[in-house]
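What follows is a short report on a single structure.
In what follows, chains carry the letters A, B, and so on, assigned in the order in which the sequence lines appear, proteins first and then strands, with residues in each chain numbered from 1. Keep in mind it's a predicted model, so treat the numbers as computed, not measured.
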Amino acid sequence: MRFNGVVLSAILLVSLSLSSYSLKAATLKVGMVTDVGGVNDQSFNQSAWEGLQKTKKDLGIKISYQESKQDADYPANLETLYDAKNDLIWGIGFKMADAILLAAKQNPKQKYAIIDYSYGNKTPPNVLGVMFKAEEGAFLSGYLASKMSKTGSVGFIGGMSVPIIHSFQYGFKAGALYANKKIKFNEQYAESFTDAAKGKAIANQMIGKGSDVIFHAAGAVGDGVIEAVKEKNKMAVGVDRDQNYLAPNNVITSSMKRIDNAIYNVVNDLGKGTFKGGTTIEYGLKDGAVDVAPTTSKMVPSVLMEDISKLKKSIVEGKLKIPATSSAFATFVKSLK
Amino acid sequence: MNDLIIIFTTTLMYSTPLIFVSLGGVMSEKSGIINIGLEGMMTLGAFVASWIALTTGNPWLGFLSGGFAGLLLASLHALASIYWGANQVVSGMAMNFLGGGISIFLCRIFFEGASMTPPLDLALKIPLIFNQYATVYLSFITTLIIWFIFKFTKLGLRIISAGEHPKAAISAGVKVNFYRTFGVLASGFLAGLGGGSLSIVIVSNFRPTLISGQGFIALAALIFGKWNPVGSMLACLFFGFSQALVVYIGGLENVQISSQLLSALPYVLTLVVLVSFMGKSTAPSALGQ
């Protein structure tokens with residue numbers, strides 16, 4: 001037995017040194033672990049994978065992904081990518097926060113990055129958090145919603161009352177008020193990210209109260225919201241990605257998170273040796289990481305599109321600060337008067 | 001008046017899928033077979049309904065196919081629990097995993113790797129009758145049919161006998177396994193219809209999270225309704241009504257209740273009614289054996 005052990009460890013040593021040798025010779029390797037949506041979820045994960053594919057095309061990065069079928073798969077998938085000697089491992093979505101933290105502590109030399117999560121000042125030195133200034137994108141869609149509304153009333157439907165959703169909510173409201181100081185709001189939380197029937201019921205109710213443009217930041221609840229708008233022939237604003245395909249005549253714009261661009265930026269930094277482990281990056285309009293959907297110009301008159309590019313400019317230049325919290329929003333409202 | 005209409009419409013919208021699935025539960029459990037796999041059958045039904053409606057352009061065909069998909073999955077449950085003597089709870093749980101898994105697997109094959117189906121055109125949806133989708137009326141009609149079967153037909157009596165005293169039924173010459181199989185298959189069919197009444201009626205696309213818990217709520221409604229088709233339907237309507245209340249109260253401007261607390265209302269109301277107004281709920285005596 002002892003002999004076997006010696007042989008095994010010798011083989012192990014040889015293979016280890018061989019693989020570290022090949023690592024030096026090869027180009028950068030980056031892998032990602034999807035959350036439970038899978039790589040073709042037409043949402044976060046797909047956008048992330050598109051970002052990686054762009055790094056392959058432009059920068060010649062070697063890329064791969066591991067799909068998670070359930071939350072319990074995260075640690076194993078992270079381990080697989082670690083064993084495959086990746087230079088950087090991505091976790092897509094805040095659900096993976098615990099798994100990434102654990103893996104980062106176990107493998108302190110391995111670089112990790114996570115989308116939509118910040119460990120604050122407890123970020124391990126080998127982890128990068130990537131957050132989005134969702135309020136900047138939501139501001140633009142709020143502006144459009146307000147201008148497009150014929151009834152002077154817009155609606156907001158949130159999934160749950162958490163900071164990420166607040167940034168959508170207050171950004172949207174700020175944009176709507178910026179466009180029209182007299183705009184009225186209907187706001188409601190579904191307390192779910194999956195209950196499409198509830199989304200439809202809330203949207204129907206808001207339409208009954210006179211809102212003709214409804215913005216949702218509520219995941220799959222939004223399927224119901226968009227369905228209600230489609231049936232009543234009103235307008236909706238999509239979230240996270242371009243949701244115009246769900247109702248081509250009714251979804252006027254979408255408040256997008258460009259995860260692909262964020263991932264591309266970080267991998268590019270890694271190649272240049274400026275990977276900022278131990279911190280959280282906040283990407284916004286100026287990084288091209290949040291935006292209104294490309295299909296917006298299909299539904300929105302070109303005059304408004306010009307407004308949007310002017311607004312973008314002032315946000316990027318820092319002349320216009322967009323509120324992401326209730327208190328910042330209150331200050332913003334005062335500044336309008 | 002407008003408020004009342006909205007509450008009424010929301011109640012009906014919410015309850016319809018639950019009623020179909022709950023009736024499915026009645027069919028299976030009356031025959032003596034526990035079916036906690038309703039959720040999985042519902043999920044598969046939701047996917048297949050959406051898929052067939054999209055490819056054939058006929059929502060009714062999609063709706064029916066959803067039912068048959070649920071039936072196919074239920075046939076596995078019937079095989080395992082009636083003929084191979086598997087534990088019915090374990091087999092039912094397996095159906096939940098299978099239903100979800102097969103749906104996503106098929107979805108990826110037929111929709112270029114995507115885990116959700118593209119949306120159905122408005123013109124291709126099931127028609128509205130008096131401002132409500134036709135499936136709403138169908139769910140009531142189905143309740144009546146099943147009530148009639150159990151109340152007035154030989155078939156109903158034999159299903160009940162299989163669930164209450166299978167041994168006595170066998171000695172009286174009733175083919176217990178046949179009626180149990182019938183019950184389980186019918187339950188899969190109805191659960192599939194329930195899934196379809198969500199994926200192509202309430203919304204117009206399937207995604208894996210579309211069915212998240214409705215099957216279990218329908219199962220609770222079945223117990224709440226004392227294993228009786230009309231009772232189960234009323235329980236589903238009650239649950240739908242309390243959801244409608246949540247949506248209504250949450251939309252009032254001058255009432256400030258935390259939306260987290262509010263969203264617990266349907267479950268609290270159900271508990272209160274269950275404890276205070278309902279008598280003992282007795283399962284068929286041979287259930288699970």
Ring-face cation of Lys173(A) near Phe185(A) (centre distance under 6.0 Å, axis angle within 45°): yes

Side-chain donor-acceptor contact under 3.5 Å, [X] with [Y]:
{"X": "His166(A)", "Y": "Thr325(A)", "result": "no"}
{"X": "Thr117(B)", "Y": "Ser50(B)", "result": "yes"}
{"X": "Thr194(A)", "Y": "Ser212(B)", "result": "yes"}

- request: With a 4.5 Å cut-off on heavy-atom pairs, point out which of Lys198(A), Glu187(A), Met206(A), Lys209(A) contacts chain B the most.
  value: Lys198(A)

statement: Whatever's closer than 4.5 Å to a heavy atom in chain B on Asn186(A) counts as side chain

field: Toward chain B, the part of Gln46(A) with a non-hydrogen atom under 4.5 Å
entry: neither

With a 4.5 angstrom heavy-atom cut-off, is it the side chain or the backbone of [X] that approaches chain A, or both, or neither?
{"X": "Leu120(B)", "value": "backbone"}
{"X": "Met116(B)", "value": "both"}
{"X": "Tyr248(B)", "value": "both"}

- prompt: Does anything in residues 259-266 of chain B get under 4.5 Å of chain A by heavy atoms, and if so which residues?
  reply: Ser259(B), Gln260(B), Ser263(B)

message: Check for me whether the distance between the ring centres of Tyr14(B) and Phe241(B) falls short of 6.0 Å.
response: no

- request: Compare every heavy atom of Asp116(A) with every heavy atom of Phe44(A), then report the nearest pair and how far apart it is.
  value: CE2-OD2, 3.2 Å

query: Are Glu227(A) and Lys125(B) within salt-bridge range, i.e. N to O under 4.0 Å?
result: yes

query: Can a salt bridge be assigned to the pair Asp223(A) and Arg207(B) using a cut-off of 4.0 Å between side-chain N and carboxylate O?
result: yes

field: Most chain A-contacting option - heavy-atom pairs closer than 4.5 Å, from Leu210(B), Leu122(B), Thr10(B)
entry: Leu122(B)

- prompt: Hey, is CZ on Phe105(B) packed in by over 12 heavy atoms from elsewhere, all under 6.0 Å?
  reply: no

